[in-house]
Amino acid sequence: MTKVRAAITAVEGYLPDYILTNDELSTMVDTNDEWIMTRIGIKERRILKGEGKGTSDLGEKVVKKILESKSIDPSEIELVICCTVTPDMLFPATANIIADKCGIKNGFGFDINAGCSGFIYGLTTAAKYIESGFVKKVIVVGAEKMSSIVNYQDRATCPIFGDGAGAVLLEATEEEFGFMDSGLYSDGVGRIHLHQKAGGSVRPPSHETIDAREHFIYQEGQPVFKWAVTKMAEATEALMQKNNLKAEDISFVLPHQANLRIIDATGSRLGVDPSKVLRNIEKYGNTTSATIPLLMWENQSKFKKGDNLILTAFGAGFTWGAIWIKWAI
Ligand code: UT7
């Protein structure tokens with residue numbers, strides 16, 4: 001029997017209009033363009049403005065773009081997975097809200113919270129649903145309104161994050177293209193270094209948690225940095241070894257965009273030519289679950305059918321992993 005695979009047949013991205021520059025940030029906290037560019041590599045990031053606007057509004061934009069560009073009736077979509085750490089609400093899942101806003105009424109949906117690895121977790125989950133024969137058409141969205149959990153009084157975190165969304169359509173195929181393999185990992189020991197202190201069941205919202213500014217991202221940058229550099233490279237090396245892929249077989253690496261130094265270190269450890277290691281961190285910062293689909297969207301004109309793409313990410317949890325895709329369009 002021929003193996004059913006999941007092929008990416010469309011990719012879209014969306015970025016809100018407002019541009020928060022390093023110069024504007026330096027009027028808010030004690031920082032400057034030179035420090036941010038040297039230590040992180042970000043020039044500007046996008047911010048979703050507007051009362052009552054949330055992650056689902058970003059997700060809605062990309063999902064509608066996919067439905068329109070592929071002329072697909074919403075009723076054909078059987079599953080929507082939204083990867084996010086900034087859901088509209090703690091419940092219900094933002095995937096359900098996006099699906100409703102896009103008229104997707106014939107399927108099911110759920111969210112994945114795997115920090116900055118959200119998209120690679122979501123893509124792997126979607127591919128497995130398709131490979132099993134359970135569904136044939138899935139949309140995976142990575143969408144984040146990171147500005148809703150960034151403390152703009154904390155110079156150690158506020159330059160890093162931005163808002164945005166990207167999404168892919170995955171369809172069943174019997175061709176030897178699409179999602180080929182992945183390796184996903186997590187280690188909850190890392191939660192002490194990267195988390196949001198309050199708002200969950202351990203520390204529900206109270207006057208005290210708000211006064212202590214505990215509803216924002218808490219990050220100890222250096223341990224996260226060290227883990228990220230090691231684990232993204234390790235996961236990718238393991239995946240390449242398992243599938244007998246050499247550095248020269250890789251057409252492009254799409255790494256999570258958290259820090260230019262992490263991207264460069266990962267690329268050089270893999271021995272992949274720097275021109276093949278894609279980046280857009282300078283323009284958008286770290287959009288968490290949206291970095292990889294945004295990178296794919298912006299660079300898709302460079303990809304040829306059959307190109308080997310490696311996606312790799314590291315994030316809160318800790319979570320990390322890598323995916324091998326054979327570009328199918
Ligand atoms: O996507 C999820 C995963 N997240 C990541 O991958 C993030 C990983 N971590 C990092 O990217 C880096 O650790 C950071 C960008 C967060 C920080 O860079 P760093 O090189 O590790 O800097 P640091 O925290 O060691 O701080 C160095 C100095 C400190 O001053 P002192 O103590 O040496 O006087 C900080 O107070 O830089 C200072 N500093 C700043 N200075 C100007 C920290 N933030 C800033 C700032 N502007 N924005």
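Just so you know, residue 1 is the first one in the sequence shown, and it goes up from there. A quick note: this is a predicted structure, and the numbers were derived from the prediction, not measured. Whatever order the structure lists them in is the order used to number ligands and atoms, beginning at 1.
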Checklist line | ligand 1 atoms in contact with Ala258 (distance to a heavy atom under 4.0 Å) | finding: 1 (O), 5 (C), 6 (O)
Notebook entry, point to check: Step by step, would you call Ser182 with Thr124 a side-chain hydrogen bond (donor to acceptor under 3.5 Å, both in side chains)?
Noted result: CA-CA 7 Å; Ser182 80; Thr124 302; 3.1 Å; yes
Note to self: Tell me whether Lys145 contacts the main-chain N or O of Lys53 through its side chain, where contact means a donor paired with an acceptor under 3.5 Å.
What the structure shows: yes
Note to self: If the threshold is 4.0 Å, N to carboxylate O, is there a salt bridge linking Glu234 and Lys231?
What the structure shows: yes
Check: Could any protein non-hydrogen atom be found less than 4.0 Å from atom 36 (O) of ligand 1?
Finding: yes
Checklist line | Thr9-Glu171 side chain donor-acceptor pair, cut-off 3.5 Å | finding: yes
Next item on the list: Look at the side chain of Ser56 and the backbone N and O of Gly59, then say whether any donor-acceptor pair between them is shorter than 3.5 Å.
Entry: no
Next item on the list: Starting from atom 4 (N) of ligand 1, locate the nearest protein heavy atom and write down its residue, its atom name and how far away it is, to 0.1 Å.
Entry: Gln219 OE1, 3.0 Å
Notebook entry, point to check: Can you name the one residue among Asn286, Thr86, Thr55 that meets side chain to side chain donor-acceptor pair (under 3.5 Å) with Glu144?
Noted result: Thr86
Note to self: If we count only non-hydrogen protein atoms and require a distance under 4.0 Å, does atom 14 (C) of ligand 1 qualify as touching the protein?
What the structure shows: no
Check: Which of the atoms of ligand 1 are close to Arg39, meaning less than 4.0 Å from one of its heavy atoms?
Finding: 20 (O)
Note to self: Quick test: of every protein heavy atom, which one is nearest to atom 47 (N) of ligand 1, and how far off is it to 0.1 Å?
What the structure shows: Thr31 OG1, 2.7 Å
Notebook entry, point to check: What atoms in ligand 1 come closer than 4.0 Å to a heavy atom of Gly221?
Noted result: 8 (C), 9 (N), 13 (O), 16 (C)
Note to self: Any salt bridge linking Asp264 with Arg279? Criterion: basic side-chain nitrogen under 4.0 Å from a carboxylate oxygen.
What the structure shows: yes
Margin query: Just to be sure I read this right, does ligand 1 sit under 4.0 Å from the backbone of Phe225, its side chain, both, or neither, counting only heavy atoms?
Written below: both
Checklist line | Carboxylate-amine/guanidinium contact Glu176 Lys326, below 4.0 Å | finding: no
Next item on the list: Ignoring angles and geometry beyond distance, decide whether Val224 reaches within less than 3.5 Å of ligand 1 through its nitrogen or oxygen atoms.
Entry: no
Item checked: Per-atom contact, atom 32 (O) of ligand 1, protein heavy atoms, under 4.0 angstrom -> no
Next item on the list: Identify the protein heavy atom lying closest to atom 19 (P) of ligand 1, giving its residue, its atom name and the separation to 0.1 Å.
Entry: Arg261 NH2, 3.9 Å
Check: What atoms of ligand 1 come within less than 4.0 Å of a heavy atom belonging to Gln222?
Finding: 13 (O), 21 (O), 23 (P), 25 (O)
Next item on the list: Keeping the roles fixed (side chain from Gln257, backbone from Pro255), state whether a donor-acceptor pair exists under 3.5 Å.
Entry: yes
Next item on the list: Flag atom 29 (C) of ligand 1 as yes if some protein heavy-atom distance to it falls below 4.0 Å, otherwise no.
Entry: no
Next item on the list: Spell out, as yes or no, whether a donor-acceptor pair under 3.5 Å connects the side chain of Ser147 to the backbone of Ile47.
Entry: no
Checklist line | Per-atom contact, atom 23 (P) of ligand 1, protein heavy atoms, under 4.0 angstrom | finding: yes
Item checked: Asn259, any N or O under 3.5 Å of ligand 1 N or O -> yes
Next item on the list: Around atom 2 (C) of ligand 1, find the nearest protein heavy atom and jot down its residue, atom name and distance.
Entry: Cys116 SG, 3.2 Å
Item checked: Nearest-neighbour protein heavy atom for atom 48 (N) of ligand 1, which is reported as residue plus atom name and distance -> Arg155 O, 2.8 Å
Checklist line | Contact atoms of ligand 1, heavy-atom distance to Ile160 under 4.0 Å | finding: 16 (C)
Check: Nearest to atom 41 (N) of ligand 1 by heavy atom, Phe318, Trp227, Phe161, Trp35: which?
Finding: Trp35
Note to self: I need the atoms of ligand 1 closer than 4.0 Å to a non-hydrogen atom of Asn286, numbered in the order shown.
What the structure shows: 1 (O), 2 (C)
Check: Considering only heavy atoms, does Ile36 approach ligand 1 within less than 4.0 Å through its side chain, its backbone, both, or neither?
Finding: neither
Item checked: Ligand-side contact atoms (ligand 1) for residue partner Pro159, heavy atom cut-off under 4.0 Å -> 48 (N)
Notebook entry, point to check: Looking at Ile40, which atoms of ligand 1 are within less than 4.0 Å of one of its heavy atoms?
Noted result: 15 (C)
Next item on the list: Please check if any side-chain donor atom of Asn299 sits under 3.5 Å from a side-chain acceptor atom of Lys302, or the reverse.
Entry: yes
Check: Asp249 and Asn308: side-chain donor and acceptor closer than 3.5 Å?
Finding: no
Check: How long is the span from the CE atom in Met28 to the CG atom in Leu20, to the nearest 0.5 Å?
Finding: 5.5 Å
Check: Is it true that Glu208 and Arg203 make a salt bridge, defined as a side-chain N closer than 4.0 Å to a carboxylate O?
Finding: yes
